[in-house]
Q: 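Pasting a structure below so you can have a look.
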Amino acid sequence: MRWFFLGDAATGVGFALAGLDTRAVEGPAEVVRALSDLEGADPPYGVALITPEAAALAPNAVSRLAQRTEAPLLVVLPERARPAPRGGR
């Protein structure tokens with residue numbers, strides 16, 4: 001099964017090192033284009049991961065792909081946890 005990551009370039013590096021195909025996006029048009037390319041991929045992707053920031057750039061396109069019953073399964077990653085303040089107070 002092929003996996004795909006869509007989001008910012010810095011986060012994509014980690015996913016690329018893990019063996020995923022990745023695409024860095026910075027604007028709504030790039031997100032829409034990347035999601036469209038996912039739908040027509042041959043061989044198809046089984047799972048597509050997208051950062052919440054990238055998903056927020058094109059919510060309608062993300063929603064449309066997420067509601068499909070065919071592959072890929074679109075997973076919006078959780079937001080990054082912020083580190084707890086140091087010092088305990």
Side-chain angles (χ1 to χ4, degrees):
M1 176 186 327
R2 293 174 57 195
W3 286 61
F4 187 86
F5 168 80
L6 180 64
D8 62 277
T11 305
V13 169
F15 285 99
L17 288 171
L20 278 68
D21 293 335
T22 65
R23 185 174 310 174
V25 294
E26 294 182 7
E30 291 175 322
V31 174
V32 170
R33 190 174 322 114
L35 293 175
S36 178
D37 291 347
L38 279 173
E39 291 181 84
D42 185 30
Y45 287 97
V47 178
L49 307 175
I50 185 170
T51 63
E53 296 83 7
L57 293 172
N60 291 337
V62 169
S63 178
R64 183 177 50 77
L65 184 61
Q67 292 176 11
R68 288 174 33 126
T69 56
E70 302 89 24
L73 170 66
L74 183 65
V75 178
V76 178
L77 297 169
E79 293 199 24
R80 296 180 194 158
R82 299 182 195 272
R86 294 183 152 227
R89 292 183 202 220

Q: To the nearest 0.5 Å, how far apart are CE in M1 and CG in L73?
A: 8.5 Å
Q: Do V62 and V75 land in one hydrophobic cluster if side-chain heavy atoms of ILVMFWY residues count as linked below 4.5 Å?
A: no
Q: For E39, give me all partners under side chain to side chain donor-acceptor pair (under 3.5 Å), at least two apart in sequence or on another chain.
A: R64, R68
Q: If you look at every heavy atom in V76 and P52, which pair is closest and at what distance?
A: CG1-CA, 3.9 Å
Q: Identify whether L35 and L57 are in the same connected component of the hydrophobic contact network (ILVMFWY, side-chain heavy atoms under 4.5 Å).
A: yes
Q: Roughly how far apart are L6 CG and R33 CZ, rounded to 0.5 Å?
A: 11.5 Å
Q: If two hydrophobic side chains count as joined below 4.5 Å and joins carry through other members, does L74 share a cluster with Y45?
A: yes
Q: Is there a side-chain contact between I50 and F4, using heavy atoms and a 4.5 Å cut-off?
A: no
Q: Tell me whether the count of non-hydrogen atoms from other residues, nucleotides or ligands lying under 6.0 Å of CD in E79 goes above 12.
A: no
Q: Report the distance from atom CG of D8 to atom OG1 of T22, rounding to the nearest 0.5 Å.
A: 10.5 Å
Q: Minimum heavy-atom separation for A58 to P28, with atom names?
A: CB-O, 4.2 Å
Q: Got L77 and F15 here, is their nearest side-chain heavy-atom distance under 4.5 Å?
A: yes
Q: Please report the closest heavy-atom contact between F5 and G7, naming both atoms and the distance.
A: CE2-N, 3.5 Å
Q: Give me the atom names and distance for the closest heavy-atom approach of L65 to P72.
A: CD1-CD, 4.3 Å
Q: Can you see which heavy atom on T51 is nearest to which on T11, and at what distance?
A: CG2-CG2, 4.5 Å
Q: Work out which heavy atom in V25 is nearest to a heavy atom in A54; give both atom names and the distance.
A: CG2-CB, 4.0 Å
Q: Taking side chain to side chain donor-acceptor pair (under 3.5 Å) as the test, write out the residues that go with S36, two or more places apart.
A: none
